[in-house]
Protein chains: 2
Amino acid sequence: MGKLTAQAIAERALEVGDTEGIDAVTIRRLATDLGVTPMALYWHYKNKEQLLIGMADHLIGGFAPKPADERPWQEQLRDLVEGLIRTLRTHPCAKNVIEQIDPVTVPNFLAVWEQALRLASSAGFGVEESCLITKYILQSSIAIADAPVHMEAGDRDEMVRVKRLGLQSLPVEKYPYLVEMACPMVGGLDPGLYDTFGVDLVLSGIEALAARR
Amino acid sequence: MGKLTAQAIAERALEVGDTEGIDAVTIRRLATDLGVTPMALYWHYKNKEQLLIGMADHLIGGFAPKPADERPWQEQLRDLVEGLIRTLRTHPCAKNVIEQIDPVTVPNFLAVWEQALRLASSAGFGVEESCLITKYILQSSIAIADAPVHMEAGDRDEMVRVKRLGLQSLPVEKYPYLVEMACPMVGGLDPGLYDTFGVDLVLSGIEALAARR
DNA sequence: ACCTGAACACCGTTCAAGT
DNA sequence: ACCTGAACACCGTTCAAGT
C-alpha cells in the first residue's frame, strides 16, 4: 500500500463518495480505510473543507481545458461544456462536492473559469454578463449531467422503482404530465440525449443572446 | 409564543438557515430556539430529511404557479422562471435546501414540475427532452438567483473582500480575465441583470431549440 | 396525542505528545 | 516532518417513559 499523501487521501475520498455517497466521506472513515489515525489526515488537510477542495481539485484536474485556439468561440465553448458534463458524469459525487465548496478556492477550477470568461468575452458579452454566464454554464452542465440515465435491467434500481411508483400513484387528474412521464423522470433517460440535446440546450441560450448584440 | 407545530418548526428552520447558513439548521438548535426538547421535533418530522423537505415545501409554497391560461407557452414559462428566481433570491438558504433533497418528495414542488412539463410539452418537446428541460430550468434558475449581487457599502462584505483580494492576487499573465473581473465576480453584480439578462439566458435556450422542430 | 430523559453511535477538531 | 492518544463539543436518533 502506498504512502499517506494528500493526493492519496483525495482519491480514496472520491472513491468512497462515488460508490457510497458523499455522506460516507468522513475524516474518520477515510482514516480507517487508509489504515491510519483520524488526526493523521489533519497533517495533509487543515480541515474537512480543505479536503473537499482537494477532491474538487482532483476532479477538475481530470479535464484540462485546451489552450485557446483559432476556432470560433462556439466550438471551443462546446468542447468545454462537453468536457465538464463528461467529468461530472464519470464521478457521481462530483455534483455534491462542487455544491459544498466555493469554486474560487479550487486551483484547477480557476483555469476552467478563466477559459469560460475568455470565451464569453469573445462572444461579445460585457463583464457582468460574462460572470452570470459562467455560473450558468456550470449549473446547467450539472443539470444535464445529473439527469437520471437508463439503467441495465439487473442494476440496483430498487430506489428508482420506489420513486417511480410514488409518482405514478399521484392523482392523475391533477398531475397528468408527471404521471405520464414518471418513467424517464426517475431513471429511464436515453444517455445519448446528454451529448446532443443537453449540450445544445446549454449552448443555444448563450448563442442566441450573443447574436443579439 | 405559538404552539409547536410542523409549520412553526419549518419556519424557524428557514429563518435560521437564511440568516446563519444551512449548517446552523440543526435539530438540537431548533429545539432550544423553540423552547423544547430535541426529541419533541421527532413527533412532527420523522427525521431530519423530512424536516428539510418541510422547509422546501414551505419555500416553494410561497409561489404557487398560476393555473394554465391562454397565453403562449413562452410567456407562461417566463412567469415560472421569474417566480422561481424571485423565491430563490428571497431565501438565501433555498439553494442549499433544494440541493439536499429530492424535489420529487416535496409536495408543493410537484405542482411547479407539472406546470413545467406541461409547458415543455406545448413547446413541442418529447417526453425525455421535457424531463431534461425541467431539470435545466431549476438548475439554471439557481445559477441566476445565486449570482452575487452588489452590496451596500456598509454591508457585511468582509468575506467578499477577502475573496476579491484572493482573485486579484492571481498571476495576471495566466488569468487575465479572472483578475479583471474579480469585482463583479464575487459580489459586485448589478441586481437588474437577473430580471433581464438572466431570465433571457435561461429562456432563449429553450426557445431556440423549440424553434427547430 | 404530544413531549421528556437518558443513552448510543457517530461526527469534526484541538492539543500535547511521541518518533 | 509526520503521526498517535486522549479529550471536547457537537451531531442525529432510538427507546422507554411520562402526561
### Message
Check this for me, if you would: do B:D200 and B:R78 make a salt bridge, where the nitrogen-to-carboxylate-oxygen distance has to be below 4.0 angstrom?
### Response
yes

### Nucleotide C:dC2, atom C1' - distance to CG of B:L4 in whole Å
9 Å

### Message
Heavy atoms from C-beta onward define the side chain here; which of D:dC3, C:dG12, C:dC3 lies closest to that of A:V36?
### Response
D:dC3

### Message
Does this structure show an ion pair linking A:K95 with A:E99, if we count only N-O contacts that are shorter than 4.0 Å?
### Response
yes

### Query
Side-chain N or O of A:H44 less than 4.0 angstrom from OP1 or OP2 on D:dC3?
yes

#### Entry: Whole-Å distance separating the CG atom of B:L30 from the C1' atom of D:dC11
13 Å

### Query
What is the distance from OH of B:Y45 to P of C:dC3, rounded to the nearest Å?
13 Å

### Rounded distance (nearest 0.5 Å) linking atom CG of B:L4 with atom OG1 of B:T37
11.0 Å

### Query
B:W43 side chain: which of C:dC3, C:dG12, D:dG12 is closest?
C:dC3

### Message
Looking at D:dC15, which nucleotide sits across from it as a Watson-Crick or G-U wobble partner, both distances under 3.5 angstrom, or is there none?
### Response
C:dG5

### Query
Over how many whole Å does the gap from B:K3 atom NZ to C:dC2 atom P extend?
7 Å

### Message
Rounding to an integer number of Å, can you tell me how far B:L41 CG sits from D:dT14 P?
### Response
14 Å

### Message
For the CD atom of A:Q139 and the CG atom of B:D146, what is their distance to the nearest 0.5 Å?
### Response
7.0 Å

### Task
Measure the CD-OG1 distance between B:E114 and B:T134 for me, rounded to the nearest 0.5 Å.
11.0 Å

### Message
Just N and O in the side chain of B:T26: are any of them under 4.0 Å from OP1 or OP2 of D:dG12?
### Response
yes

### Message
Tell me the interatomic distance from B:Y42, atom OH, to D:dA16, atom P, rounded to whole angstroms.
### Response
17 Å

### Query
Roughly, in whole Å, what's the span from CZ in B:R28 to C1' in D:dT14?
12 Å

### Query
Can you check the B:Q100 CD to D:dG12 P distance for me, whole Å?
11 Å

### Query
Taking the side chain of A:I27 as heavy atoms from C-beta outward, which of C:dG12, D:dT13, D:dT4 is closest to it?
C:dG12

